[in-house]
Each structure stands twice: as C-alpha cells, then as structure tokens.
Amino acid sequence: TKTVECRIRKGAFAADARCPLKAGDTITIARSRAADDTTEYPGARHYDTKITHVRDYKSLPDLLKEEKIGNVYPKQTAAEAKAAFEAFYKPEDLGMGLVAIGLEAPPK
C-alpha cells in the first residue's frame, strides 16, 4: 500500500505555504475515480489518516531512495516511478524541490 505521497514544492505545497502540513495532522484521502473503478486502488474511497512525517528532497531519485520506491509507487520499478511522476509535472517544475508526506497505512 502507498504510504508516502510526493509533490513539487510549489503552490499549496511550497515550503512557505500559509497552512503547511506537519506530522500528527489528520487529513482525508478521497479517491476521485468512479465508484466501480478498482484498477488502481481498490480500498476505501474516503478515509481519514494521520501524517507521519514531512521531508524535503532536492531530487526525485533522492526521495525514492530514502522513502523507498514501494512506499511511493507500489509495484513499480525506479524507472516506472520516475516516468509516472514526470507524467504529472513539467520538467521546469522538477527543479523546485519535492516534499514527501508520510501517511499511516490505509484501512484494508
């Protein structure tokens, strides 16, 4: 199961954001896929969980090494994880730094 979410350090995830996330905060995870779609994450559609840690990284390879690929992108290799992440972000954004947000494991 995925226990680390990673984001570019910009916008709501910028280091100087007004409402930064921190360990101990409770957040709600909400899946945006259709109710009958079980292709990616077949678990609960909405659930509350706690943040276990928030860590900064300069690069995606550093983040994947320290946080462990399987916690960020379950069932993917390093190359697949890199491609999946880069599919969501512009190349120029990747130099802004990253934040890893650790989460308690989702309910089964």
Side-chain angles (χ1 to χ4, degrees):
T1 59
K2 182 175 183 160
T3 57
V4 177
E5 183 62 38
C6 59
R7 300 286 184 194
I8 296 291
R9 270 291 192 194
K10 75 183 244 185
F13 298 99
D16 61 352
R18 288 191 209 209
C19 187
L21 300 171
K22 61 189 177 307
D25 287 351
T26 298
I27 61 171
T28 299
I29 303 295
R31 288 185 52 218
S32 59
R33 293 179 184 259
D36 61 345
D37 182 349
T38 59
T39 58
E40 192 170 351
Y41 302 110
R45 295 192 53 73
H46 296 86
Y47 63 92
D48 291 337
T49 190
K50 288 199 182 226
I51 294 175
T52 59
H53 65 270
V54 178
R55 297 182 186 130
D56 287 301
Y57 293 94
K58 292 186 186 232
S59 71
L60 184 61
D62 290 345
L63 184 148
L64 294 175
K65 180 181 176 187
E66 293 298 318
E67 299 291 337
K68 309 290 185 245
I69 294 168
N71 293 331
V72 182
Y73 288 101
K75 301 178 183 177
Q76 291 187 353
T77 65
E80 291 168 334
K82 183 177 185 286
F85 191 79
E86 290 175 346
F88 287 101
Y89 295 103
K90 296 175 187 173
E92 59 268 21
D93 291 341
L94 295 175
M96 300 181 82
L98 302 143
V99 60
I101 305 162
L103 306 169
E104 288 182 351
K108 293 186 178 194

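All residue numbers in this chain count up from 1 along the given sequence.
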(message) Test side chain to side chain contact (heavy atoms under 4.5 Å, CB included) on Val99 and Val54; report intermediate values, then the result.
(response) CA-CA 7 Å; Val99 60; Val54 178; 3.4 Å; yes
(request) Could you tell me whether the side chain of Thr3 and the main chain of Ala105 form a donor-acceptor pair under 3.5 Å? (result) no
(message) What I want to find out is whether Arg7 reaches Glu5 closely enough, with some N-O distance under 4.0 Å, to be called a salt bridge.
(response) yes
(request) Quick one: list whatever passes side-chain contact (heavy atoms from CB on, under 4.5 Å) with Asp93, sequence neighbours left out. (result) Ile8, Lys10, Lys90, Met96
(request) Report yes or no: does Glu66 contribute a side-chain atom to a donor-acceptor pair with the main-chain N or O of Leu63 at less than 3.5 Å? (result) no
(request) Please report the closest heavy-atom contact between Ala100 and Tyr57, naming both atoms and the distance. (result) CB-CE1, 3.7 Å
(request) State the CD-CD1 distance between Glu104 and Ile27, to the nearest 0.5 angstrom. (result) 10.0 Å
(request) Measure the spacing between SG of Cys6 and OH of Tyr73 and express it to the nearest 0.5 Å. (result) 4.5 Å
(message) Would you compute the distance between atom CG of Asp16 and atom CZ of Arg9 and round it to the nearest 0.5 angstrom?
(response) 9.0 Å
(request) Let me see the working for Thr77 and Ile69 under side chain to side chain contact (heavy atoms under 4.5 Å, CB included), right down to the final yes or no. (result) CA-CA 7 Å; Thr77 65; Ile69 294 168; over 6 Å; no
(request) Could you tell me whether Lys50 and Asp25 make a salt bridge, using a distance below 4.0 angstrom between a side-chain N and a carboxylate O? (result) no
(message) Show the nearest heavy-atom pair for residues Leu94 and Glu86, with the distance to one decimal.
(response) CD1-CG, 3.8 Å
(request) Indicate whether the side chain of Thr26 and that of Asp48 have a donor and an acceptor atom separated by less than 3.5 Å. (result) no
(message) Test side chain to side chain contact (heavy atoms under 4.5 Å, CB included) on Asp56 and Leu98; report intermediate values, then the result.
(response) CA-CA 6 Å; Asp56 287 301; Leu98 302 143; over 6 Å; no
(request) Could you tell me whether Lys75 and Glu80 make a salt bridge, using a distance below 4.0 angstrom between a side-chain N and a carboxylate O? (result) no
(message) Can you list everything that forms a salt bridge (Lys or Arg N to Asp or Glu O under 4.0 Å) with Lys58? Sequence neighbours excluded, please.
(response) none
(message) Please determine whether side chain to side chain contact (heavy atoms under 4.5 Å, CB included) holds for the pair Leu64 and Phe85, giving the CA-CA distance in whole Å, both sets of side-chain angles, and the decisive distance to 0.1 Å.
(response) CA-CA 11 Å; Leu64 294 175; Phe85 191 79; over 6 Å; no
(message) Working to the nearest 0.5 angstrom, can you tell me the gap between Ile51 CD1 and Leu21 CG?
(response) 4.0 Å
(request) Search all heavy atoms of Val72 against all heavy atoms of Lys2 and return the closest pair with its distance. (result) O-CE, 3.3 Å
(message) Is the shortest side-chain heavy-atom distance between His53 and Glu67 below 4.5 Å?
(response) yes
